[in-house]
Amino acid sequence: MGLTEQRFTVNLSILFTELPLLERPAAARAAGFTAVELWWPWLDSPTPARSEPASLRSAIEDAGVRLTGLNFYAGQLPGPDRGALSVPGAESERFRANIEVAAELAESLGCGALNALYGNRIDGVDPAEQDALALENLVLAARAANRIGAILLVEALNKPESPRYPLVSAPAAVEVVDRVNEATGLGNARFLMDLYHLSMNGEDLPSVIDRFAAKTGHVQIADNPGRGAPGTGTLPLADHLDQLRKAGYEGRVGLEYKPGDRPSAEAFGWLPHTARRTP
């Protein structure tokens, strides 16, 4: 199939960030895309004033794009944090307070995937305690996602850039997915397969795809090295995405790469305009 036959969604938390949040959906649409995804946009607030999600919802609807993925509150991201749900105390409570807020925003826009970043290991806290708290919070998140007909995503990051994050391999993330599904009985927890992060960990991507495509709910890409657009590094992304399709993955592919020293609108030269508008 190649890259041009995939169904893409643009991550507005890493692309078009030179623009204010409410201008990014229209910028993505002007670049030819019809689907977008987001990290939690309000870094300091898991429960923003209702006017803020309402304004974002209007911006997305007015732009004529679809929100296909949304992160739960994850602390300072970008920044030092990598999630909140396994961090005892205030951060865990902030995650719990965010669950219904994020689910409500997702439901209002027909968004079918909610991503829950696990959180860093904390000095002085038993990892087993963090893992037990994580399971409790992921169960709550999975139930909220299920109520709106969405899936819950669990993502593996990479150890060089996220050394305190415990899920730094595909098997580690999928193990959490399996535990959540066992605990809820809902079966709506899925693996977020980010090919950039997995390649940074040195994983054998064809093997990962063979083993875990059936448990994958979303795929994200960036080239490596550099986390730039496809073609700026050495990853055979077209081959990997073709393999995923042949293995049964039918979802969208999130463009979660850095635009480099140029406006984001100029970072899509690798993808013809005809391939950017997808159902």
Side-chain angles (χ1 to χ4, degrees), residues 1-41 43 56 59-60 63 65 67-71 74-82 115 117 155-163 165 168 192-203 205 218-242 244 252-278:
M1 291 177 62
L3 288 172
T4 59
E5 284 77 33
Q6 306 293 332
R7 298 168 62 233
F8 294 105
T9 183
V10 179
N11 192 297
L12 298 184
S13 298
I14 193 169
L15 286 154
F16 297 105
T17 57
E18 66 270 27
L19 299 173
L21 174 64
L22 299 184
E23 295 179 17
R24 296 177 203 171
R29 187 65 187 89
F33 293 97
T34 54
V36 300
E37 61 184 19
L38 279 164
W39 304 342
W40 184 248
L43 303 188
L56 177 58
I60 289 171
V65 295
L67 184 69
T68 56
L70 177 68
N71 282 22
Q76 295 297 310
L77 182 74
D81 299 331
R82 296 293 186 270
N115 184 28
L117 288 173
E155 182 175 8
L157 302 182
N158 74 77
K159 191 171 183 63
E161 295 174 331
S162 304
Y165 191 81
V168 288
L192 196 167
M193 184 185 291
D194 186 310
L195 298 182
Y196 167 76
H197 287 307
L198 300 180
S199 70
M200 283 284 288
N201 287 328
E203 296 187 65
L205 296 184
H218 187 45
V219 172
Q220 291 175 332
I221 63 169
D223 216 330
N224 188 25
R227 200 173 186 176
T232 59
T234 60
L235 289 182
L237 290 169
D239 293 342
H240 295 323
L241 294 179
D242 281 349
L244 272 159
R252 295 181 185 271
V253 176
L255 302 180
E256 198 183 57
Y257 60 79
K258 298 177 181 178
D261 297 328
R262 55 186 170 175
S264 296
E266 298 176 10
F268 304 106
W270 58 276
L271 185 63
H273 273 78
T274 54
R276 301 179 192 183
R277 184 183 181 93
T278 56

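Residue numbers run from 1 in the order of the sequence given. Basis for what follows: all heavy atoms, side chains included, without hydrogens, waters or symmetry-related copies.
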Considering all heavy atoms of both residues, which atom of [X] and which atom of [Y] are nearest to each other, and what is their separation?
{"X": "Leu235", "Y": "Ser199", "value": "CD1-OG, 3.6 Å"}
{"X": "Phe8", "Y": "Ala275", "value": "CD1-O, 4.2 Å"}
{"X": "Val36", "Y": "Ala28", "value": "CG1-CB, 3.9 Å"}
{"X": "Ile14", "Y": "Leu255", "value": "CG2-O, 4.4 Å"}
{"X": "Ala27", "Y": "Leu19", "value": "CB-CD1, 3.5 Å"}
{"X": "Ser162", "Y": "Leu157", "value": "OG-CD1, 3.8 Å"}

Partner residues of Phe33 under the ring-ring contact (aromatic ring centres under 6.0 Å, His included) criterion, sequence neighbours left out: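 Listed in chain order: Phe268.
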Is there side-chain contact between [X] and [Y], with at least one heavy-atom pair below 4.5 Å?
{"X": "Leu38", "Y": "Asn71", "result": "no"}
{"X": "Glu161", "Y": "Met200", "result": "yes"}
{"X": "Leu117", "Y": "Glu155", "result": "yes"}
{"X": "Leu43", "Y": "Asp81", "result": "no"}
{"X": "Leu77", "Y": "Trp40", "result": "no"}
{"X": "Val219", "Y": "Leu244", "result": "yes"}

Pairing residues for Ser264 by the side chain to side chain contact (heavy atoms under 4.5 Å, CB included) criterion, not counting sequence neighbours: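 Listed in chain order: Leu15, Phe16, Glu18, Pro259.
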For the [atom1] atom of [X] and the [atom2] atom of [Y], what is their distance to the nearest 0.5 Å?
{"X": "Asp242", "Y": "Gln6", "atom1": "CG", "atom2": "CD", "answer": "6.0 Å"}
{"X": "Ile221", "Y": "Leu198", "atom1": "CD1", "atom2": "CG", "answer": "13.0 Å"}
{"X": "Asn158", "Y": "Asn224", "atom1": "CG", "atom2": "CG", "answer": "8.5 Å"}

Ala267 backbone acceptor or donor facing Tyr257 side chain under 3.5 Å: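 Checked: pair present.
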Under the side chain to side chain donor-acceptor pair (under 3.5 Å) test, residues paired with Asp223 that sit two or more places apart: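 Testing Asp223 for side chain to side chain donor-acceptor pair (under 3.5 Å), a comparison that skips the adjacent residues, returns none.
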side-chain hydrogen bond (donor to acceptor under 3.5 Å, both in side chains) contacts in which one or both residues fall within residues 227-237, not counting sequence neighbours: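 Passing the test, one end in residues 227-237: Arg227-Glu256.
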Pair listing, side-chain hydrogen bond (donor to acceptor under 3.5 Å, both in side chains) test, anchored in residues 19-35, at least two apart: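 Counting only pairs at least two positions apart or across chains, no side-chain hydrogen bond (donor to acceptor under 3.5 Å, both in side chains) contact touches residues 19-35.
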Pair Leu195-Met193, side-chain contact (heavy atoms from CB on, under 4.5 Å): steps then yes or no: CA-CA 6 Å; Leu195 298 182; Met193 184 185 291; 3.9 Å; yes
Test applied, side-chain contact (heavy atoms from CB on, under 4.5 Å); reference residue, Gln220; option that passes from Thr9, Val253, Asp194: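 Only match with Gln220 under side-chain contact (heavy atoms from CB on, under 4.5 Å): Asp194.
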Partners passing salt bridge (charged side-chain N to carboxylate O under 4.0 Å, His left out) against Arg252 (at least two apart in sequence or in another chain):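 So Arg252 forms no salt bridge (charged side-chain N to carboxylate O under 4.0 Å, His left out) with any residue.
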Check against side-chain contact (heavy atoms from CB on, under 4.5 Å), Trp39 and Asn115: CA-CA 8 Å; Trp39 304 342; Asn115 184 28; over 6 Å; no
